[in-house]
A.B. asks: 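Dropping the structure in here first, questions after.
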Amino acid sequence: MAKTPQAIRGTQDIFGPDAEAFAFVVETFERVRKLYRFRRAEMPVFEKTEVFARSIGETTDIVSKEMYSFDDRGGESLTLRPEFTAGIARAYLSNGWQQYAPVKLATHGPLFRYERPQKGRYRQFHQIDAEIIGAAEPQADVELLAMADQLLKELGIEGVTLHLNTLGDGDSREAWRAALVEHFRAVKDELSEDSQERLEKNPLRILDSKDRRDQRFVADAPKIDQFLSDDARAFFDAVTSGLDAAGVKWTRAESLVRGLDYYRHTAFEFIPDEGSEAAGKLGSQSTILGGGRYDGLMESLGGTATPAVGWAAGIERLAMLVGEKGEPQADAIVVVENDDAMTSAIQALGKLRAAGLSAELFASGSPRKRFDKAVKAGSNAIVAFDIRDGEENRRIKADEAGQARIEEVLG
RNA sequence: GCGAUCGUAGCUCAGUUGGUUAGAGCGCCGGUUUGUGGUACCGGAGGUCGCGGGUUCGAACCCCGUCGAUCGCCCCA
């Protein structure tokens with residue numbers, strides 16, 4: 001026998017209750033995005049590598065190590081999308097969606113990152129995504145966050161809080177960054193090895209280090225608030241007061257940062273509360289929804305400066321939090337207890353389905369055990385066909401209302 | 001890239017200090033209970049013990065390698 005090929009590392013086959021939970025997340029997202037009047041968009045799952053490389057910034061490890069890239073037959077480097085934002089930005093520019101600006105977009109689908117799998121992290125994973133492009137005003141941030149908040153509520157996810165920060169405008173962010181480097185450089189020898197590395201490559205990341213040695217110095221590190229310009233402060237104040245007005249609960253997270261340079265102003269993550277059930281289910285991958293304002297991105301792709309804000313959330317992680325979603329029971333199971341009654345059973349099956357009742361046929365294996373199998377499978381009604389004394393016999397097992405309904409349908 | 005733990009039937013797992021023919025439950029298939037029903041009983045199929053090498057009279061068990069999985073670190077768009 002031929003050997004069965006293995007699935008690719010970090011991919012998953014989803015089935016049964018997990019697949020139902022996954023579908024529940026997507027269906028809820030679709031419903032909520034319509035409430036907020038976000039428009040559906042579909043993008044290719046792969047792009048020229050430069051789409052992601054230029055938007056993310058050539059320097060980071062992400063481009064060299066964490067992307068699924070390959071050359072096509074023409075020798076062009078292509079990459080399976082590791083995120084939605086860059087592809088949406090490219091589509092926005094390519095198709096002249098400026099004409100719709102400000103435009104609210106929603107999408108979902110598979111993404112690919114070349115990483116070591118662990119709990120809540122896969123090489124092919126799935127996200128839902130919402131973006132508002134061409135809106136510079138803080139009300140856009142509020143709108144986007146209100147939608148995220150309602151989505152989580154409608155998914156029934158409890159014990160999660162919106163952690164909110166501002167990175168300020170370009171000048172604020174740069175001044176803060178310089179102050180952080182200065183602060184940490186003074187104690188460089190006492191930092192963890194990882195953070196000594198970060199000091200050169202990505203100093204903002206020291207702020208969310210998990211190492212105790214670093215956390216001592218994080219506590220008294222310079223805060224972004226000291227460096228905010230008046231405009232940046234006014235922007236953040238407008239976001240927070242808008243959230244209060246919208247009834248979205250939030251908490252200030254002064255250490256919350258974004259790794260990439262194109263982020264400005266608002267940065268946020270929805271994170272399970274310490275010790276909550278949700279936190280326990282997610283392992284060390286704790287952010288369930290995150291995003292921010294990326295006013296600098298469009299220019300890196302050759303477009304004119306375009307303000308934008310967006311978020312994304314992992315469907316698998318959300319699915320872990322929505323609880324068991326059983327597969328729905330059939331409205332009716334049709335059982336053939338004697339194969340001579342097959343014709344009538346198949347006709348009945350057709351009538352049930354035409355009437356909008358979900359129905360399934362049990363007609364294989366030992367005839368005597370089919371009814372038991374139907375009972376065990378569980379359904380709202382069982383319609384059994386048998387031959388008694390040479391006569392065809394139909395029995396319906398259901399509650400009174402169900403029995404009446406099925407008799408009406410079957411005649 | 002680094003570290004820890006783990007790979008036995010379709011699934012969940014036993015398997016003693018290394019000792020004959022590797023087990024159970026569930027699931028699946030067939031039969032019995034001449035029955036309006038999820039019960040019970042009987043029988044059956046299904047395993048190169050992840051793979052390769054080594055130690056030994058003898059390896060599912062010990063050692064090395066390899067592949068895979070899980071969890072964590074790094075990274076996190």
Side-chain angles (χ1 to χ4, degrees), chain A residues 1 3-13 15-16 47 51-68 79-89 111-123 125 127 129 131 192-198 201-202 204-206 208-211 256-263 267 269 280-288 290-292 294 296-297 300 310-314 317 333 335 337 362 364-379 382-384 386 388 393-398:
Chain A
M1 248 221 328
K3 217 172 162 185
T4 305
Q6 282 173 337
I8 303 300
R9 181 198 287 273
T11 62
Q12 34 173 357
D13 304 307
F15 180 70
E47 299 272 0
V51 170
F52 306 112
R54 283 167 58 182
S55 63
I56 288 165
E58 310 277 352
T59 56
T60 59
D61 281 6
I62 291 170
V63 173
S64 52
K65 292 184 187 155
E66 317 260 356
M67 299 203 307
Y68 256 106
T79 294
L80 300 178
R81 64 184 179 194
E83 58 156 359
F84 282 114
T85 307
I88 288 177
L111 302 171
F112 305 83
R113 295 180 185 177
Y114 197 91
E115 293 182 295
R116 194 70 180 265
Q118 64 190 63
K119 192 180 183 73
R121 262 176 96 157
Y122 304 94
R123 287 189 175 180
F125 58 104
Q127 285 188 343
D129 182 280
E131 315 274 349
S192 67
E193 297 77 11
D194 286 332
S195 284
Q196 292 186 30
E197 189 96 354
R198 291 181 181 116
K201 292 191 336 198
N202 202 348
L204 271 57
R205 278 282 161 198
I206 298 174
D208 49 25
S209 169
K210 290 171 185 169
D211 198 303
L256 195 156
V257 296
R258 308 272 84 181
L260 302 184
D261 290 339
Y262 58 64
Y263 281 100
E269 295 179 359
K281 284 180 182 168
L282 288 175
S284 66
Q285 304 301 317
S286 55
T287 298
I288 65 170
Y294 51 94
L297 174 60
S300 69
W311 58 251
R317 284 188 203 170
I333 292 179
V335 177
E337 296 198 88
F362 277 41
S364 65
S366 170
R368 307 187 63 150
K369 288 190 174 167
R370 290 176 193 168
F371 195 96
D372 284 351
K373 280 204 284 190
V375 171
K376 217 168 168 183
S379 78
I382 296 175
V383 182
D386 202 355
R388 282 286 166 85
N393 182 275
R394 186 184 82 198
R395 281 193 322 106
I396 299 170
K397 178 187 159 75

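Proteins get letters first, then strands, A, B, ... in listed order; numbering begins at 1 in each.
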A.B. asks: Which listed nucleotide (rG68(B), rC75(B), rG27(B)) is nearest to the side chain of Arg9(A)?
C.D. replies: rG68(B)
A.B. asks: Calculate the interatomic distance between Tyr263(A) atom OH and rC76(B) atom P; express it in whole Å.
C.D. replies: 12 Å
A.B. asks: Using the side-chain contact (heavy atoms from CB on, under 4.5 Å) rule, pick out the option among Glu197(A), Gln196(A), Arg198(A) that qualifies with Asp194(A).
C.D. replies: Arg198(A)
A.B. asks: Quick one: pull up CG in Leu204(A) and CG in Leu260(A) and give me the separation to the nearest 0.5 Å.
C.D. replies: 11.0 Å
A.B. asks: On the nucleotide rC76(B), are OP1 or OP2 found under 4.0 Å from the side-chain N or O atoms that Asn202(A) carries?
C.D. replies: yes
A.B. asks: Of all the choices, rC71(B), rU32(B), rC73(B), which nucleotide is nearest to the side chain of Lys119(A) once you look at every atom?
C.D. replies: rC71(B)
A.B. asks: Taking the C1' atom of each, how far is rU48(B) from rU12(B), in whole Å?
C.D. replies: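 Taking atom C1' in both rU48(B) and rU12(B), they lie 23 Å apart.
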A.B. asks: Given rA77(B), rG68(B), rU70(B), identify the nucleotide with an atom nearest to the side chain of Pro117(A).
C.D. replies: rU70(B)
A.B. asks: Take Glu66(A) and Arg113(A), measure what side-chain contact (heavy atoms from CB on, under 4.5 Å) needs, and give me the verdict at the end.
C.D. replies: CA-CA 6 Å; Glu66(A) 317 260 356; Arg113(A) 295 180 185 177; 5.5 Å; no
A.B. asks: Any idea which heavy atoms bring Ala384(A) and Glu337(A) closest together, and the distance?
C.D. replies: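 The answer is CB-OE2, 3.7 Å.
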A.B. asks: Looking across every strand, which nucleic acid part, if any, lies under 4.0 Å from Gly378(A) by heavy atom: base, sugar-phosphate, or nothing?
C.D. replies: nothing
A.B. asks: Within the 4.0 Å heavy-atom criterion, would you say Gln12(A) contacts the bases, only the backbone, or no part of the nucleic acid?
C.D. replies: nothing
A.B. asks: Measure CD1/Ile8(A) against C1'/rA69(B) and give the value in whole Å, please.
C.D. replies: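 So the CD1-C1' distance, Ile8(A) to rA69(B), works out to 15 Å.
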A.B. asks: Whole-Å distance between rG3(B) P and Asp194(A) CG?
C.D. replies: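 It is 15 Å, rounded to the nearest whole Å.
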A.B. asks: Quantified in whole Å, what is the P atom distance between nucleotide rG1(B) and nucleotide rU66(B)?
C.D. replies: 13 Å
A.B. asks: With respect to the side chain of Arg388(A), which nucleotide from rC29(B), rA77(B), rU36(B) is positioned closest?
C.D. replies: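 My answer, after comparing the listed nucleotides, is rU36(B).
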A.B. asks: Without decimals, in angstroms, what is the distance between Glu66(A) CD and rC74(B) C1'?
C.D. replies: 9 Å
A.B. asks: Can you tell me the base-pairing partner of rG52(B)? Count Watson-Crick or G-U wobble geometry only, both distances below 3.5 Å, and say none if there is no partner.
C.D. replies: rC64(B)
A.B. asks: Considering Watson-Crick and G-U wobble pairs with both distances under 3.5 Å, what does rA45(B) pair with?
C.D. replies: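 Per the H-bond distance test, none.
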A.B. asks: Between rC74(B), rG30(B), rA77(B), which one does the side chain of Lys369(A) approach most closely?
C.D. replies: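 For the Lys369(A) side chain, the nearest candidate turns out to be rG30(B).
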A.B. asks: Could you measure between the two P atoms, the one in rA9(B) and the one in rG50(B), and give it in whole Å?
C.D. replies: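 Between the two P atoms, the distance is 8 Å.
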A.B. asks: For the C1' atoms, the ones on rC6(B) and on rU21(B), what distance do you get once it is rounded to whole angstrom?
C.D. replies: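 So the two C1' atoms sit 29 Å from each other.
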A.B. asks: What is the base-pairing partner of rG58(B), counting Watson-Crick and G-U wobble geometry with both distances under 3.5 Å?
C.D. replies: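 In the structure as shown, rG58(B) has no Watson-Crick or wobble partner.
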A.B. asks: Among rG27(B), rA77(B), rG72(B), find the nucleotide with the atom closest to the side chain of Pro82(A).
C.D. replies: rA77(B)
A.B. asks: Are the side chain of Arg317(A) and the backbone of Thr287(A) linked by a donor-acceptor contact shorter than 3.5 Å?
C.D. replies: yes
A.B. asks: Would you say a side-chain N or O of Lys376(A) is under 4.0 Å from OP1 or OP2 of rG27(B)?
C.D. replies: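 So the side-chain polar atoms of Lys376(A) do come within 4.0 Å of the phosphate oxygens OP1 or OP2 of rG27(B), strictly under.
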A.B. asks: How long is the line joining CD1 of Ile333(A) and P of rU36(B), in whole Å?
C.D. replies: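 Atom-to-atom, Ile333(A) to rU36(B), this comes out as 20 Å.
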A.B. asks: Does a side-chain N or O of Arg113(A) approach OP1 or OP2 of rA77(B) to a distance below 4.0 Å, or not?
C.D. replies: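 Result: no.
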A.B. asks: Measure the shortest side-chain to side-chain distance between Tyr294(A) and Arg258(A) over non-hydrogen atoms and say whether it is less than 4.5 angstrom.
C.D. replies: no
A.B. asks: Side chain of Glu83(A): nearest nucleotide among rC29(B), rA77(B), rC76(B)?
C.D. replies: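 The nucleotide sitting nearest to the side chain is rA77(B).
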A.B. asks: Which comes earlier along RNA chain B counting from the 5' end, the contact point of Val375(A) or that of Ser364(A), where each point is its nearest nucleotide?
C.D. replies: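 Taking each residue's closest nucleotide, the earlier one in sequence belongs to Ser364(A).
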A.B. asks: How long is the span from the CZ atom in Arg54(A) to the OH atom in Tyr262(A), to the nearest 0.5 Å?
C.D. replies: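 OH of Tyr262(A) is found 13.5 Å from CZ of Arg54(A).
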A.B. asks: Rounding to a whole Å, what distance do you find between Asp208(A):CG and rC74(B):C1'?
C.D. replies: 13 Å
A.B. asks: Distance between the C1' atoms of rC67(B) and rA22(B), in whole angstroms?
C.D. replies: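 These two C1' atoms come out 24 Å apart once rounded.
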A.B. asks: Measure from the side-chain heavy atoms of Arg198(A) and tell me the nearest of rG27(B), rG3(B), rC75(B).
C.D. replies: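 Per side-chain heavy atoms of Arg198(A), the pick is rC75(B).
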A.B. asks: Can you tell me the distance, in whole Å, between the CD atom of Gln118(A) and the C1' atom of rC75(B)?
C.D. replies: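 That distance rounds to 10 Å.
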A.B. asks: Determine which nucleotide pairs with rG18(B), using a 3.5 Å limit on both distances of a Watson-Crick or G-U wobble pair.
C.D. replies: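 Because no pair has both required distances under 3.5 Å, rG18(B) counts as unpaired.
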A.B. asks: Would you mind classifying the nucleic acid contact of Gln6(A) as base, sugar-phosphate or nothing, using non-hydrogen atoms under 4.0 angstrom?
C.D. replies: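 If one applies the 4.0 Å heavy-atom cut-off, Gln6(A) turns out to touch the sugar-phosphate alone, with no base involved.
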A.B. asks: Has the side chain of Arg81(A) got a donor or acceptor atom that lies under 3.5 Å from a matching backbone atom of Glu47(A)?
C.D. replies: no
A.B. asks: What distance, rounded to whole Å, do you find between the two C1' atoms, one in rA59(B) and one in rU8(B)?
C.D. replies: 14 Å
A.B. asks: Should Leu256(A) and Glu269(A) count as side-chain neighbours, where that means a heavy-atom distance under 4.5 Å?
C.D. replies: yes
A.B. asks: At 4.0 Å (heavy atoms only), tell me whether Gly283(A) reaches a base, stays on the sugar-phosphate, or touches nothing.
C.D. replies: sugar-phosphate
A.B. asks: If you assign Ala7(A) and Arg121(A) each to the RNA chain B nucleotide with the nearest heavy atom, which residue ends up on the more 5' nucleotide?
C.D. replies: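 First, find each residue's nearest nucleotide; the 5'-ward one identifies Ala7(A).
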A.B. asks: For rC13(B), which nucleotide is its Watson-Crick or G-U wobble mate, given both distances must be under 3.5 Å?
C.D. replies: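 Checking every strand shown, rC13(B) finds its partner in rG23(B), with both distances under 3.5 Å.
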A.B. asks: Please confirm whether the shortest side-chain N or O distance from Ser284(A) to OP1 or OP2 of rC73(B) is below 4.0 Å.
C.D. replies: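 Affirmative; the distance criterion is met.
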A.B. asks: Could you identify the nucleotide paired to rC71(B), looking across every strand shown and requiring Watson-Crick or G-U wobble geometry with both distances under 3.5 Å?
C.D. replies: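 Here rC71(B) is engaged in a pair, and the nucleotide opposite it is rG3(B).
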A.B. asks: Can you tell me if the side-chain N/O atoms of Arg205(A) get under 4.0 Å from OP1 or OP2 in rC76(B)?
C.D. replies: yes
A.B. asks: Tell whether Arg368(A) reaches the base of rG35(B) with its side chain through a donor-acceptor pair below 3.5 angstrom.
C.D. replies: yes
A.B. asks: Give the rounded distance in Å between these two atoms: OH of Tyr262(A) and P of rA77(B).
C.D. replies: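 Nearest whole value for this atom pair: 8 Å.
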A.B. asks: Expressed as a whole number of Å, how far does the C1' atom of rG68(B) sit from that of rC74(B)?
C.D. replies: 22 Å
A.B. asks: Among rC75(B), rG38(B), rC67(B), find the nucleotide with the atom closest to the side chain of Asp372(A).
C.D. replies: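 Among rC75(B), rG38(B), rC67(B), the one nearest the side chain of Asp372(A) is rG38(B).
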A.B. asks: Could you give the distance separating rG25(B) and rG44(B) at their P atoms, to the nearest angstrom?
C.D. replies: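 One P to the other, the span is 13 Å.
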